[in-house]
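Below, all heavy atoms of this structure are taken into account, side chains as well, without hydrogens, waters or symmetry copies.
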Amino acid sequence: MATFLYSIGRFAFRRRRLVALVWVALLALAGVGAATASTATSNSFSIPGTEAQRAFDLLEERYPGQSADGASARVVFKAPEGEKITAPENAAEVSGIVKELQDGSDQIASVADPFDEKAPAVSRDGTTAYISVTYDVSSFELTEETRDSLENAGNEAREGGMTVEIGGDALMVMPETGITEVIGVVVAGIVLVITFGSLVAAGLPLITALIGVGIGVSTITALASVMDLGSTTATLAMMIGLAVGIDYALFIVSRYRAELAEGREREEAAGRAVGTAGSAVVFAGLTVVIALAGLAVVNIPILTKMGLAAAGTVVLAVLVAITLIPAFLGFAGERIVSRKDRKARKAAAEQAAATGEVLVGDAPRDNGGTRWSRFVQRRPVMVLLAGVIGLGVIAIPATSLEMGLPDDGAQPTSSSPRKAYDLLSDGFGPGFNGPLVGVVDLKNSDDQDAVLKRITGEIQKNEHVVAVTPPVPNEAGDTAMFTVIPKDRPNSTETETLVHDIRDFGDTLKSDDGAEVYVTGATAMNIDFSEKMNDALLPYLALVVGLAFLLLMVVFRSILVPLKAALGFLLSVVAALGAVVAVFQWGWLGGLFGVEQPGPIMSVMPILMVGVVFGLAMDYEVFLVTRMREAYVHGESPAQAITTGFRHGARVVTAAAVIMIAVFAGFIGSGEQMIKMIGFGLAIAVFFDAFVVRMAIVPAVLALLGKRAWWLPRWLDRALPDFDVEGDKLRKKLDAEADEGGTGKEERETVSV
C-alpha cells in the first residue's frame, strides 16, 4: 500500500497540471449537472417491513387517485376573547377564507369548510375551528403564488381580532444552516494558519476539501430527483465531507513538511508523505465508509441513501487527498513552509556548507505533545480513571433517552406552525395532532357490516381513545378506512400503548373473521420507526465495529489496540448521546444552542451518531497510533513510541479535531431541528473522542500494556495481509534503490530545501 501510494504521490507531484485539470473538470461537470438537473419534488419516507408501511401501501392500492405525497395545511382560527367562532360574523369570515383558498391556486385538491355538517371541524366549546387544505403536489412543488395565498389567508380576520395560525407541511422550505456554517469554515482556516504558520499551507486543505465537497454535493443535487434524495442527504454529505476533507489534507501536508524538515527533495517528500500519511488516510477513510455504508442494514431507504451519499463524499475526500494535495504541493513550492522556517533552514544550510558539516535535517524537539505523553505515562491509572469516570457521568442522561420524529409540536414556540399545533391541542385535545389512521382489509371477511361495527365499538372502549370515526369503505367495498383520535399527545407512551392495543385486537379479529386491521398515519409511523431503530442498533453496531476491528487489526498488527479503540469509541458516543439528551430533551443550556423547544430525541439520532462518530473516531486512532506503530517497528521501546507518536501527531490531531468541531458546530445554526441536533451531537462527540479518549485514555492504556499492546499471534500475523501502513517496506525499498544507484542513505538525506 505505502509503495503504491508513494508512486501516486510522485506522479501527481510531477504531472500536477494534468491532475489539477482533471479535478477542476470533474468539479465543472458536477456543477453543470447540478445546475441543469430537475428539482427534487419529494422527500418520500418509507419503513419497509412495518405494519404502518403495509397499511400505507394498501391505501395507495385500494384508494386510487388519492395523492399520498401531496402537501397539506391547516388554517386554525380562534375567536376573540369572550366570543364564539360559530357566531354569524366570525363564521362568515371563516367561510369567506375557504372561498379565497379554493380560488387562490389550481394546485389545491380540496378545501374543507369547518362548518360542513358532514365533517365539522369546530371545538366543543365553540371557540376554535380549522380549515383543512390538501394539494395535488408536494410542498417542494408548490408555487410562490400558492404559498402566498396560504400565508395571506386570514389577514383580514387577524385585523378583526381573531387569532389565525397555519400548520402543516405546505409552507415547508429548504432548511437554512445560517452564518454559523461559514464561521465554522473560517475557524478552520484560522486553526490551519496557526498550525502551519503559512497561508499557503493553511489554504491547501481548505481549497481541496471544498473541491471534493463541491463535486460530492453537486452530484447529489444532480441525482436528487432521479434517486429521490432528500435535502438532509446533501447537508449530511457536506457536513462530513468538509470535516474529513480538511483533516485528510491536513495530515498529508503536515507529513510533507516533516519530510522536508528531514532534508528530502520536494518530489521525494511528496511521495513519502502520500506513502505514509496517505496510507493512514486511506484506512481511516475506509472505516468512515464502512460505518456510513453500513447504515443500509437498517433497511430504511432514506437512511441508506444518506449513508451512501455521505460515504461517496468521503471516498472523494480520500482521492483528493492522495492525488490533488501532492499536485498542489508542487505548485506551492517553498511557500508551503513558513518564512521563519525557510530562513532558519537557509542559514543552517549556509553554515553547513561553510564548515563542511553534513546536514541531516532538524533534530527532534520536545513540544506540548511530548510533555503531555510523558505526564500520562507517569500517571496512567489516574488519567485513565479520570477520563472514564468523567465520560461516564456525562453519559448518565442517555439512560432517560426518549425517541420520536419531529412534528409541529417540536417547532419554536414563536412559529406559526407551533402556535397552530397548540391551538388545536387546546381546542380539541392533546391527541388531535396525532390521529391514527385505521385500515380494514375486508377481502376475506364473511360479514363486513358486522365487522366494521365491532371494530368501532371495541376501539371506542379503549381508555386512551377520545373518538373513532365511522369506517368509510372504498368503491370496491373490500377496504374501509377510519380515524382514531387518541386521548394523549402523539409521542406519549399512552398513545404508543393504544397503537399496540388496536393491533392486538386486529390479530384477534383476523382469527375470528378473516378481516385484517392495520394502523398507520404519522404517529404510528413514528412509533414503528423508533422500534425499528432500536431493533437495528445492536446488529448495526456489531457489523460496523466487527468490520472495523478486522481492518484496524490489519493496520496495527495487534489485537488489543483495535479492541481498545472500539471500547473508547463506545464510551465517547454514549457520553455524546448523554449530552444530546441533556440539551435537546431536558433543555439544559438550550438557549445557548438555539433549542427553543425541548422534546424527544429524533429516532434516527442514536444509530446515525454510532455510524458517523465511529468512522471519525477511528480517524484519530489511525492517525495518532500509526505514528506510534511506525516508531515501534523502527526499533523504539513502547514508551518511546508513545512519545514519538505524540511529538509528531498531537499538534496535528488537535488541530484536526478543532477543525472538525468547528465545521460540525457550524450546522447548529440550522433552522431544521434534525440538522441542528446532528451538528451538536457530532461536534461534542468529536470533542470527547479526540481530547479525552484518543489524547488521554489511549496513551494511558498503551502505557499500562507496554509491549503487550503490539502482540499478535504468529499464525494470525501470517494469515493477515500486510499493507505496510507504517511504510517500513517502502523505506527499505528506497534505501536499497539508493544503494544500488551509488548514493548512500546518508548522502541522500543531506539534500536541503
When rounded to the nearest 0.5 angstrom, what distance separates [atom1] in [X] from [atom2] in [Y]?
| X | Y | atom1 | atom2 | answer |
| --- | --- | --- | --- | --- |
| Asn491 | Thr523 | CG | OG1 | 8.5 Å |
| Thr127 | Glu83 | OG1 | CD | 11.5 Å |
| Thr143 | Asp106 | OG1 | CG | 7.5 Å |
| Ile502 | Glu51 | CD1 | CD | 9.5 Å |
| Ile661 | Phe688 | CD1 | CZ | 10.0 Å |
| Leu295 | Lys305 | CG | NZ | 14.0 Å |

For [X] and [Y], indicate whether the former's side chain and the latter's backbone hold a donor-acceptor pair under 3.5 Å.
| X | Y | value |
| --- | --- | --- |
| Ser416 | Ile166 | yes |
| Glu100 | Ala153 | no |
| Asn152 | Asp148 | yes |
| Asn433 | Tyr421 | yes |
| Glu494 | Lys487 | no |
| Glu165 | Pro417 | no |
| Glu531 | Thr50 | no |
| Lys676 | Ile668 | yes |
| Thr128 | Gly427 | no |
| Asp488 | Thr495 | no |

Pair Phe505-Ile455, side chain to side chain contact (heavy atoms under 4.5 Å, CB included): steps then yes or no: CA-CA 9 Å; Phe505 165 67; Ile455 290 173; 4.0 Å; yes
Pairs involving residues 600-612, ordered by first then second residue, that meet side chain to side chain donor-acceptor pair (under 3.5 Å) (sequence neighbours left out):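 Those involving residues 600-612 are Ser530-Ser603.
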Kindly give the heavy-atom pair with the smallest separation between [X] and [Y], and that separation in Å.
| X | Y | result |
| --- | --- | --- |
| Lys84 | Ala79 | C-CB, 3.6 Å |
| Gly587 | Pro598 | CA-CG, 3.7 Å |
| Ala480 | Leu452 | CB-CD2, 3.8 Å |
| Val94 | Pro114 | CG1-CG, 3.6 Å |
| Asn155 | Glu151 | OD1-O, 4.1 Å |
| Phe529 | Val604 | CE2-N, 3.9 Å |

How about [X]: does its [atom1] atom have over 12 heavy atoms from other parts shown lying under 6.0 Å from it?
| X | atom1 | value |
| --- | --- | --- |
| Gln102 | CD | yes |
| Phe428 | CZ | yes |
| Glu89 | CD | yes |

Thr233 vs Ile220, side chain to side chain contact (heavy atoms under 4.5 Å, CB included): CA-CA, chis, key distance, verdict: CA-CA 8 Å; Thr233 303; Ile220 292 171; 4.3 Å; yes
Donor + acceptor pair across side chains of [X], [Y] (<3.5 Å):
| X | Y | value |
| --- | --- | --- |
| Ser149 | Thr146 | no |
| Asp57 | Gln53 | yes |
| Ser218 | Thr221 | no |

[Y] side chain reached by [X] side chain, heavy atoms, under 4.5 Å:
| X | Y | value |
| --- | --- | --- |
| Leu303 | Met533 | yes |
| Leu608 | Leu236 | yes |
| Gln107 | Leu142 | yes |
| Trp586 | Ser400 | yes |
| Pro473 | Thr479 | no |
| Val111 | Ile108 | yes |
| Ile678 | Met605 | yes |
| Lys78 | Met162 | no |

Side chain to side chain donor-acceptor pair (under 3.5 Å) evaluation trace for Thr134 with Ser110: CA-CA 5 Å; Thr134 59; Ser110 65; 2.5 Å; yes
Side chain to side chain contact (heavy atoms under 4.5 Å, CB included) partner of Val499, the single match among Leu436, Asn526, Thr520: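 Testing each of Leu436, Asn526, Thr520 against Val499, the sole residue satisfying side chain to side chain contact (heavy atoms under 4.5 Å, CB included) is Leu436.
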Charged N-O contact under 4.0 Å between Arg503 and Asp528: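 The answer is yes: the pair qualifies as a salt bridge.
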Verdict with supporting geometry, Val465 and Ile459, side chain to side chain contact (heavy atoms under 4.5 Å, CB included): CA-CA 7 Å; Val465 172; Ile459 295 177; 4.1 Å; yes
Verdict with reasoning, Leu101 to Val98, per side chain to side chain contact (heavy atoms under 4.5 Å, CB included): CA-CA 5 Å; Leu101 287 170; Val98 171; 5.9 Å; no
Within the 6.0 Å centroid threshold, strictly below: Tyr130 and Phe77: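 Ring centroids of Tyr130 and Phe77 are no less than 6.0 Å from each other.
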